[in-house]
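In what follows, a structure is listed as structure tokens, so that the remarks can point back to it.
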Amino acid sequence: MKNVTVGWFEIPVADMDRAIAFYEKVFDCKLNKQVMGDFQMAWFPWEDMEKGAGGSLVYHKEFYAISDLAGPLIYFSSDDCDIELGRVENAGGKVQIPKRMIAPDIGYMGVFSDSEGNRIAIHSRS
């Protein structure tokens with residue numbers, strides 16, 4: 001059977017600068033903002049040849065919608081999801097599901113609403 005993995009992700013935002021500030025605080029990283037006319041992206045840091053998928057925040061008034069309860073649920077990887085979940089509210093989001101065990105062999109997860117109202121998850125082995 002062929003593997004199906006995430007190759008790229010896009011998180012819609014209503015206010016690009018606010019969303020960049022939120023994600024930079026939560027993940028302690030720098031995003032690379034690109035403006036292409038009325039379309040904006042802010043890329044998360046990633047290494048093309050490393051494990052995991054790259055992705056971005058994305059803004060366009062007509063082509064993207066935001067939902068805190070529906071749509072795709074993106075899982076970011078973490079060493080300990082409590083670290084990022086602990087930064088969410090101070091950055092302007094809300095923890096929806098605190099860290100909890102999925103199963104001993106799978107690890108832990110948590111879910112939060114970001115500054116734009118998107119539902120995002122975090123996974124860690126410990």
Side-chain angles (χ1 to χ4, degrees):
M1 175 180 267
K2 181 180 174 182
N3 286 337
V4 178
T5 60
V6 174
W8 182 260
F9 62 85
E10 293 180 347
I11 301 171
V13 303
D15 182 316
M16 183 59 78
D17 292 330
R18 179 180 62 204
I20 288 171
F22 174 85
Y23 281 97
E24 286 180 345
K25 283 180 186 176
V26 170
F27 289 106
D28 191 26
C29 68
K30 283 302 242 183
L31 277 70
N32 182 359
K33 183 177 178 180
Q34 304 292 316
V35 178
M36 300 158 274
D38 58 354
F39 187 77
Q40 298 176 29
M41 296 182 88
W43 300 325
F44 287 90
W46 87 94
E47 293 293 328
D48 194 34
M49 302 308 284
E50 296 291 322
K51 184 178 177 183
S56 70
L57 304 176
V58 64
Y59 170 81
H60 189 280
K61 187 168 38 172
E62 298 173 19
F63 299 135
Y64 290 89
I66 298 164
S67 174
D68 65 347
L69 297 174
L73 182 57
I74 298 164
Y75 276 78
F76 284 99
S77 295
S78 171
D79 290 331
D80 180 349
C81 55
D82 254 347
I83 294 169
E84 290 82 8
L85 289 170
R87 297 178 185 147
V88 166
E89 292 191 10
N90 189 41
K94 181 179 179 198
V95 174
Q96 292 181 338
I97 301 173
K99 180 179 176 179
R100 69 176 184 196
M101 181 180 281
I102 302 167
D105 60 327
I106 296 172
Y108 298 84
M109 60 84 68
V111 178
F112 63 88
S113 294
D114 71 5
S115 61
E116 307 305 294
N118 293 297
R119 183 178 60 139
I120 305 293
I122 301 177
H123 171 263
S124 63
R125 294 282 178 188
S126 60

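Within the 4.5 Å cutoff, side-chain heavy atoms of S56 are placed close to those of W8. Side chains of F39 and V58 form a contact here, defined as non-hydrogen atoms less than 4.5 Å apart. Looking only at side-chain heavy atoms (C-beta outward), D38 and K61 stay at 4.5 Å or farther from each other. For the pair V35 and M16, the minimum side-chain heavy-atom distance is 4.5 Å or more. Looking at M109 and R100, their side chains come closer than 4.5 Å, going by heavy atoms from C-beta outward. For the pair K99/D80, a side-chain contact is recorded, criterion being any heavy-atom separation below 4.5 Å from C-beta on.
When all heavy atoms of I120 and I11 are compared, the closest pair comes out as CD1-CD1, 3.8 Å. The two atoms that bring E89 and V95 nearest to each other are OE2-N, 3.8 Å, heavy atoms only. Taking all atoms of both residues into account, the shortest heavy-atom contact from E10 to I74 is O-CD1, 4.3 Å. In terms of heavy-atom proximity, I66 sits nearest to P12 at CG1-O, 3.8 Å. Between P98 and L85 the shortest heavy-atom distance is C-CD1, 4.3 Å. Between C81 and S124, the shortest heavy-atom distance links the atoms N-OG, 3.1 Å.
In this structure, the side chain of S126 engages the main chain of D79 through a donor-acceptor pair within 3.5 Å. One N or O on the side chain of R125 and one on the backbone of I106 form a donor-acceptor pair closer than 3.5 Å.
To the nearest 0.5 Å, the span separating NZ on K94 from OG on S115 amounts to 15.0 Å. With rounding to the nearest 0.5 angstrom, the CG atom of L57 is 11.5 Å from the CG atom of N32. Interatomic distance, I97 CD1 to R119 CZ, rounded to the nearest 0.5 Å: 8.0 Å. Going from atom NZ of K25 over to atom CZ of R87 covers 12.0 Å, rounded to the nearest 0.5 Å. To the nearest 0.5 Å, atoms CG (L31) and CZ (F22) are separated by 11.5 Å. Here Y108 contributes atom OH and H123 contributes atom NE2; the two are 10.5 Å apart, rounded to the nearest 0.5 Å.
Using a 4.5 Å cut-off between side-chain heavy atoms of Ile, Leu, Val, Met, Phe, Trp and Tyr, with links allowed through other members, I102 and V111 fall into the same hydrophobic cluster. Cluster annotation: F76 is connected to V88 through the hydrophobic network of ILVMFWY side chains, with a link wherever side-chain heavy atoms come within less than 4.5 Å. Linking ILVMFWY residues whenever their side-chain heavy atoms come closer than 4.5 Å, directly or via other members, places M41 and W46 in the same cluster.
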Q. Does the side-chain contact (heavy atoms from CB on, under 4.5 Å) test come out yes or no for R18 and V13, once each step is laid out?
A. CA-CA 9 Å; R18 179 180 62 204; V13 303; over 6 Å; no

Q: Check the pair I122 / F112 against side-chain contact (heavy atoms from CB on, under 4.5 Å), numbers first and verdict last.
A: CA-CA 8 Å; I122 301 177; F112 63 88; 3.6 Å; yes

Q: Determine, step by step, whether S78 and F27 satisfy the side-chain contact (heavy atoms from CB on, under 4.5 Å) criterion, reporting the C-alpha distance in whole Å, the side-chain angles of both residues, the deciding distance to 0.1 Å, and the verdict.
A: CA-CA 9 Å; S78 171; F27 289 106; 6.0 Å; no

(Q) side-chain contact (heavy atoms from CB on, under 4.5 Å), that's the test. Do Y64 and E62 meet it? Break it down for me. (A) CA-CA 6 Å; Y64 290 89; E62 298 173 19; over 6 Å; no

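Ring to ring, F9 and F44 are close: their centroids are under 6.0 angstrom apart.
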